[in-house]
Amino acid sequence: MSQPISKLRNIGIAAHIDAGKTTVSERILFFTGVNRKVGETHDGQATMDFMKQEQERGITIASAAITAQWNGYQINLIDTPGHVDFTIEVERSLRVIDGMVAVFCAVGGVEPQSETVWNQADKYRVPRIAFVNKMDRTGADFAEVVTQMNKYLGANAVPLHLPIGAESEFQGMIDLVCMQSITFREKERIVGDIPADLLDKAIEARHFLIEKIADYDDEIAELYLEDAEIPEEMLKKAIRNATIKLMITPVLCGAAYKNKGIQLLLDAIVDYLPSPTDLGAVIAHDPDDDEKTYQRNPSANEPLAALAFKLINDPYVGQQTFIRIVSGKISNGMSVYNTNKRKNERIGRIFRIKAKEREEISEAGPGEIVALVGMKYTRTGDTLCDDKQPVLLESIQVPPSVIEMKVNLEDKKNRDKLAETLAKLTNEDPSFHSHYDDETEETIIAGMGELHLEILVERIRDEFKVPITVGQPSVSFRETITTSSECNYRHVKQSGGKGQFAHTVIRFEPNPGKGFEFVDVTKGGVVPKEFLPSIQKGLLSAMEKSPIAGYPVVDVKCVLVDGSFHPVDSSDMAFQLCAAMCFKQGFKQANPIILEPVMKVEINTPDDFIGNVTRDLNKRRGRIDSMRRFRKGSQKLNGFIPLMEMFGYATALRNVTSGRANYSMEFYQYMPMPAAKQEEVIKKRQEDAKK
């Protein structure tokens, strides 16, 4: 490592779509000297948006990692997507960063995905600073965004800036920490005295800042009560401590596209966001005993512990595995232990990444984010460590896929190539799934939304050169049970020679929100222990496709109550088949229901169209949860709507609001489907199967 670990900042940039976070990232790369010229998202030239699909749409799809230098500090920057279909990218990025820059649009304020990202950052306890961007846009309102941050995010937002002007009059800001005005000429910042007409407002804003910080710092509180001068360095240190402890969110402002405020944002990243040492030890678990924990400090002298958080297939160097090193160090050719797979891996090469370019290095230490080449078994969420002192780091939660699409090959010769491509994409993106339906002889792909699948289909065609045709997107339903049932099933097959014998008595119980659970309560060895994994395997295979409508079954507890075996005829396969048949019979007797994905929806609409929007939502089985004033003459509606009712909603919303409303949605949870709708779905499924 070129810098001491205290001079390292691992940061993520996250926000709602179109808040301008990729533009902020591009300006950071320009001002830190990574790029000699500025890349723009709208003309497809952004360094961080280097995928063809990102450049065509002007949005971020995959989180990109890059290393930059600023005033002697190393900043590892991750630019994350704002579109809800790519939430997994934000989730895994937040798992490995130490601090976050939350970008808000000065016009849009707190938007749906801002809340999602904020809640994800709360979950991982990531310290953050806020940057209110687009201050030069018509309708920009810095104070309103700060109010919304406190009201809707509970951010305890503390402005460190006071804007000088707004909209087309936006010139710069007053820095309330050093009490100076900062304006901009081209890409240069000009520091000067506070304009006389803003001095009283600036003094009042600084008082508010100091009052806030005094709540968390006794030294500042003492000086404030004595009306004494507070040194700039002391104030910075107090803001830093309160930010790292998640007590406040410092708020800055600027206009990234016009190069205003980026140097100050970089200073704030260095001044207020934590280094790995500030966050201290990470708790790791014993691989064989979850109750037993170990501490791993960010030191090169500690045993190795690293988390793999992303995989990319690079056409030039093959699979790249992105890791965050928690403790210890790695070097070329070194052998590491993958705790999740219980296998040793050898590191081929180590790269520091500059978006699509890379710099090869011989070793990396604690706190660093690097890419490894040569990993055979490692997947997203796996822990790499020292094989003599194995540990397990907290993994990454993957949201369930809610939408699916049928994929057909234009040429059957490409079947193996398609299977290989889908395996690579699943490795890269754990929120993407695929399976082959033997009955219809079609491949089904499943993901987080229409845009998610659309982009993956494009990649299959363009990047992997597999010609495919696709069907219409459809909803990915699940099934579960609502009451308990017990099934006694005996599997006997005699066909000359060795037969098959297995006998199980299994009780099936609803297990809401807890997934599949298998419990053995038999006594006296009525079913030998070696057949228990076979029973579990048989149950899991039967749950892949329910006997009612053929959807995957979730949230069922299977309790093995009794059974019997034959010393010669019982086998692994016999018990698998027996358990599968037992499940099919027991499932039908337990009042099964279909679960459908329900989306959390936010709609921004002018007041004039509230009636039209709510009527349309009611027709779609929607439920409005809350309404709030968005800006003058506009409302934000929050509600829940089943995904199956949301196809074509963008067009319908345009029609009922004369094109003046917009919406966004994210997965909320699977919920029971009304009985009448359930019958419709089962009937359609049966008709499709006959075709």
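- Between the side chains of Ser534 and Asp572, at least one donor-acceptor pair of N or O atoms lies under 3.5 Å.
- For the atom pair Asp122 CG and Arg128 CZ, the distance stands at 4.5 Å (nearest 0.5 Å).
- Side-chain contact between Tyr337 and Arg342: present, with at least one pair of heavy atoms (C-beta onward) separated by less than 4.5 Å.
- Rounding to the nearest 0.5 angstrom, the gap separating the CG atom in Leu392 from the CG atom in Asp286 is 9.0 Å.
- A donor-acceptor distance shorter than 3.5 angstrom exists from the side chain of Ser327 to the backbone of Pro303, with no hydrogens or angles considered.
- Aromatic ring pairs are classed by plane angle as parallel below 30°, tilted from 30° to 60° and perpendicular above 60°; the pair Tyr551 and Phe477 is perpendicular.
- Looking at every heavy atom in both residues, Asp98 comes nearest to Pro274 through O-CG, 3.3 Å.
- At least one donor-acceptor pair under 3.5 Å links the side chain of Glu302 to the backbone N or O of Asn297.
- Proximity of Ile403 to Ser476: side-chain heavy atoms (C-beta onward) are nowhere separated by under 4.5 Å.
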Val470/Arg461 under side chain to side chain contact (heavy atoms under 4.5 Å, CB included): CA gap, chis, key distance, verdict: CA-CA 11 Å; Val470 295; Arg461 287 174 179 152; 4.2 Å; yes
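- Counting only distance, with no hydrogens or angles, the side chain of Asn511 and the backbone of Phe516 share no donor-acceptor pair below 3.5 Å.
- No more than 12 heavy-atom neighbours from other residues, nucleotides or ligands sit within 6.0 angstrom of NZ on Lys292.
- In terms of heavy atoms, Leu273 sits closest to Ile11 at CD1-CG2, 3.7 Å.
- Ion pairing between Arg9 and Asp278 fails under the 4.0 Å rule for side-chain N and carboxylate O.
- Contact check for Asp555 versus Tyr670: no side-chain heavy atoms found under the 4.5 Å cut-off.
- For Ile369 against Val96, the heavy-atom pair with the smallest separation is CD1-O, 4.2 Å.
- In this structure, Gly328 and Pro366 approach most closely via the heavy-atom pair O-CD, 3.2 Å.
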Test side chain to side chain donor-acceptor pair (under 3.5 Å) on Glu479 and Ser546 and set out the steps. CA-CA 7 Å; Glu479 291 183 58; Ser546 95; 2.5 Å; yes
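- Here the side chains of Glu544 and Leu540 are not in contact, with every heavy-atom distance at 4.5 Å or above.
- Side-chain contact check for Asn76 versus Ile97: every heavy-atom pair is 4.5 Å or farther apart.
- Between the side chains of Gln74 and Glu368, a donor-acceptor pair is found at a separation under 3.5 Å.
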Determine, step by step, whether Leu372 and Val336 satisfy the side chain to side chain contact (heavy atoms under 4.5 Å, CB included) criterion, reporting the C-alpha distance in whole Å, the side-chain angles of both residues, the deciding distance to 0.1 Å, and the verdict. CA-CA 12 Å; Leu372 307 181; Val336 293; 5.9 Å; no
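- Inter-residue side-chain proximity for Ile129 and Thr249 is flagged as unmet; no heavy-atom pair is nearer than 4.5 Å.
- With respect to Asn338, the side chain to side chain donor-acceptor pair (under 3.5 Å) criterion is satisfied by exactly one of Thr378, Asp387, Asn344: Thr378.
- Residues Leu539 and Val556 form no side-chain contact, since every pair of their non-hydrogen atoms from C-beta on lies 4.5 Å or further apart.
- Atom NZ of residue Lys537 and atom CD of residue Gln576 lie 5.0 Å apart, to the nearest 0.5 angstrom.
- The side-chain contact (heavy atoms from CB on, under 4.5 Å) check on Tyr377 picks up Lys341, Lys343, Glu345, with sequence neighbours excluded.
- Annotation: side chain of Phe583 is in contact with side chain of Val553 (closest heavy-atom distance under 4.5 Å).
- Put simply, CD on Gln69 and CD1 on Ile75 are 8.5 Å apart, with the number rounded to the nearest 0.5 Å.
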Does the pair Lys412 and Arg415 meet the rule for a side chain to side chain contact (heavy atoms under 4.5 Å, CB included), with working shown? CA-CA 6 Å; Lys412 293 280 187 265; Arg415 185 177 283 181; 3.9 Å; yes
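- Annotation for Leu304 and Met334: closest pair CD2-CE, 4.1 Å, computed over non-hydrogen atoms.
- The shortest heavy-atom contact between Leu393 and Ala284 is CD2-CB, 3.9 Å.
- In terms of modelled atom types and a separation under 3.5 Å, the side chain of Lys465 and the main chain of Asp462 share a donor-acceptor contact.
- Among Asn340, Asn427, Thr426, the single residue meeting the side chain to side chain donor-acceptor pair (under 3.5 Å) criterion with Arg379 is Asn427.
- In this structure, Ile468 CD1 and Asn414 CG are separated by 10.5 Å, a value rounded to the nearest 0.5 Å.
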Are Glu360 and Phe351 close enough, and set up right, to give a side chain to side chain contact (heavy atoms under 4.5 Å, CB included), and what steps lead you there? CA-CA 4 Å; Glu360 188 162 354; Phe351 290 110; 3.7 Å; yes
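- Within the model, atoms CD1 of Ile455 and CG of Leu425 stand 12.5 Å from one another, a figure rounded to the nearest 0.5 Å.
- The pair Asp520-Lys529 meets the salt-bridge criterion, with a side-chain N (NZ, NE, NH1 or NH2) lying under 4.0 Å from an Asp/Glu carboxylate O.
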